[in-house]
Each structure stands twice: as C-alpha cells, then as structure tokens.
Amino acid sequence: MNPGYATARQWSGEFLSQKGEYERAITELERARALSGADPGSTSALGYAYGVAGEREKALRLLDELNERSKGHYVSPFNIAVVYMGPGEKEQAFEWLRKACEERAGDSGTVNRDPAFDGLRADSRFAALAQCIAGSL
C-alpha cells in the first residue's frame with residue numbers, strides 16, 4: 001500500500017473499525033485525515049471510529065469541526081450522519097440522513113451498503129430514507 005494514499009488508508013481504517021480493531025482503525029484514520037487535509041470523508045470516518053471505540057468526546061469534537069467547516073465549505077449531511085452513528089446517536093443520524101436526501105447529497109448513495117448504518121436497518125424509517133436517497137441520485 002502506498003503510505004501516502006489517503007483513500008487507501010481511510011478504507012483500511014473503516015475496515016478495521018468494522019472488525020472491532022479500534023486502536024488500529026483510529027491510527028489509520030488519523031493518518032488518512034492528515035494526508036487528505038482533514039477532508040469531510042476522512043473526518044467522518046475517524047469520528048465514527050472514535051464513537052464506536054467509546055471515545056465519545058473525540059467524536060463530538062470532530063462533529064464540531066465538521067459543523068465549523070460547513071460555514072465556509074460544503075459538508076455533506078451524510079458525513080455528519082456517519083459520525084453520529086459511532087456513539088449510537090440514531091435519532092441524530094436519521095435527521096442528518098433526511099437532510100442528505102433533501103439535498104441529494106451524492107455521497108449518500110452508499111447508505112444501503114455502508115456498515116456504519118447497520119444499526120438503523122431494522123427501523124422502518126431506514127428503508128424509506130434509503131429509497132429517497134436512491135431516487136434522488
């Protein structure tokens with residue numbers, strides 16, 4: 001793996017998060033975030049990893065960073081929803097997924113296969129949101 005390729009590091013970190021290897025995941029995602037210039041995708045992946053690792057305060061700090069960044073640059077509501085899923089804040093995640101649907105956020109097209117949202121799939125609202133997102137892209 002090219003050590004300077006941010007996307008590969010992000011994918012590796014996301015995979016490690018799903019395996020429950022949080023320490024390694026966070027290390028990879030911190031590197032990805034640094035290499036990417038703290039882009040919203042790597043920031044949200046790191047926030048999710050912090051949340052599932054029980055580091056809620058760190059996850060919330062990254063949410064603050066994303067919200068601050070959104071004042072000057074576009075930040076997809078999908079990225080915010082990802083971070084909220086880390087510490088298990090499902091209602092907040094649903095709210096931001098609704099916004100992603102309304103905005104037709106392009107990155108939200110992965111919602112049906114993104115494991116970060118596994119905790120929402122049993123909720124009837126998820127199917128409606130996923131359909132809305134798919135129909136808006």
Side-chain angles (χ1 to χ4, degrees):
M1 177 166 64
N2 177 346
Y5 186 39
T7 303
R9 289 213 173 265
Q10 181 176 332
W11 290 342
S12 175
E14 290 174 3
F15 175 72
L16 290 165
S17 286
Q18 296 307 316
K19 285 182 59 179
E21 295 182 31
Y22 303 127
E23 187 174 325
R24 288 181 57 206
I26 289 168
T27 298
E28 282 297 300
L29 291 166
E30 286 173 341
R31 288 180 185 149
R33 186 168 184 260
L35 289 167
S36 72
D39 79 335
S42 63
T43 300
S44 66
L46 179 57
Y48 172 84
Y50 280 144
V52 295
E55 297 188 44
R56 179 182 171 76
E57 292 305 314
K58 288 182 179 180
L60 295 178
R61 262 187 264 141
L62 290 180
L63 272 173
D64 289 342
E65 283 184 33
L66 288 170
N67 283 317
E68 188 63 31
R69 183 180 182 136
S70 73
K71 293 176 183 175
H73 303 324
Y74 178 73
V75 174
S76 172
F78 182 79
N79 293 125
I80 304 290
V82 168
V83 179
Y84 274 120
M85 285 305 296
E89 296 197 23
K90 295 177 182 181
E91 292 305 314
Q92 288 291 335
F94 270 121
E95 181 61 32
W96 286 95
L97 286 175
R98 275 191 284 281
K99 290 178 185 180
C101 177
E102 291 167 7
E103 288 184 13
R104 298 179 170 198
D107 57 351
S108 60
T110 63
V111 71
N112 277 324
R113 64 181 184 274
D114 191 326
F117 297 104
D118 285 351
L120 300 182
R121 294 186 203 293
D123 190 305
S124 61
R125 297 174 292 174
F126 183 80
L129 272 173
Q131 185 175 14
C132 172
I133 290 168
S136 69
L137 299 178

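Clustering of Ile, Leu, Val, Met, Phe, Trp and Tyr side chains at separations under 4.5 Å leaves W11 isolated, with no partner residue. Other residues sharing a hydrophobic cluster with L35 under the 4.5 Å side-chain heavy-atom criterion for ILVMFWY residues do not exist; the residue is a singleton.
In this structure E95 satisfies the salt bridge (charged side-chain N to carboxylate O under 4.0 Å, His left out) test together with R98, sequence neighbours excluded. Remark: R24 engages E21 in a salt bridge (charged side-chain N to carboxylate O under 4.0 Å, His left out) (not counting sequence neighbours). Residues satisfying the salt bridge (charged side-chain N to carboxylate O under 4.0 Å, His left out) criterion with E23, sequence neighbours excluded, are absent altogether. Partners of D118 according to the side chain to side chain donor-acceptor pair (under 3.5 Å) rule, which considers only residues two or more places apart in sequence or in another chain, are R121.
For residues 21-56, no pair satisfies ring pair (Phe, Tyr, Trp, His ring centres under 6.0 Å), with sequence neighbours left out. Screening residues 70-88 for salt bridge (charged side-chain N to carboxylate O under 4.0 Å, His left out), with sequence neighbours left out, gives E68-K71. A salt bridge (charged side-chain N to carboxylate O under 4.0 Å, His left out) check over residues 41-56, counting only residues at least two apart or in different chains, returns the pairs E55-K58, R56-E89. Pairs engaging residues 38-48 under the salt bridge (charged side-chain N to carboxylate O under 4.0 Å, His left out) rule: none recorded [sequence neighbours left out]. Under the ring pair (Phe, Tyr, Trp, His ring centres under 6.0 Å) criterion, the residue pairs touching residues 106-125 are F78-F117, with sequence neighbours excluded.
To the nearest 0.5 angstrom, S42 atom OG is 11.0 Å from E30 atom CD. For the atom pair CG of L97 and CG of L120, the computed distance is 6.5 Å after rounding to the nearest 0.5 Å. Taking SG of C101 as the start and CD of Q131 as the end, the distance is 10.0 Å to the nearest 0.5 Å.
At least one side-chain heavy atom of T110 sits less than 4.5 Å from a side-chain heavy atom of R113. Counting heavy atoms from C-beta outward, D123 and K90 have side chains that stay 4.5 Å or more apart. The shortest distance between side-chain heavy atoms of Q10 and L29 falls below 4.5 Å.
Using modelled atom types, one finds no donor on one side chain facing an acceptor on the other under 3.5 Å when comparing E14 with Q18.
Residue A93 comes nearest to A81 through the heavy atom pair O-CB, 3.7 Å, listed as atom of the first residue, atom of the second, then distance. Residues F94 and F126 come closest through the heavy atom pair CE2-N, 3.6 Å. Nearest heavy-atom pair, N112 versus A130, reported as atom, atom and distance to 0.1 Å: OD1-CB, 3.1 Å. A pairwise comparison of heavy atoms in A59 and V83 identifies O-CG1, 3.7 Å as the closest pair.
Residue W96 is grouped with residue V75 when hydrophobic side chains (ILVMFWY) are merged at heavy-atom distances under 4.5 angstrom, including chains of intermediate members.
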Under 3.5 Å, side-chain donor or acceptor atoms of residues 60-67 against the rest of the protein: list the pairs with distances, not counting sequence neighbours.
residue : atom : partner : partner atom : Å
E65     : OE1  : R33     : NH2          : 2.2
N67     : ND2  : L63     : O            : 3.2

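Side-chain atoms of S17 come within 3.5 Å of backbone atoms of G13 as a donor-acceptor pair (strictly under, hydrogens ignored).
The environment of NZ in K99 is crowded: more than 12 heavy-atom neighbours from other residues, nucleotides or ligands sit within 6.0 Å.
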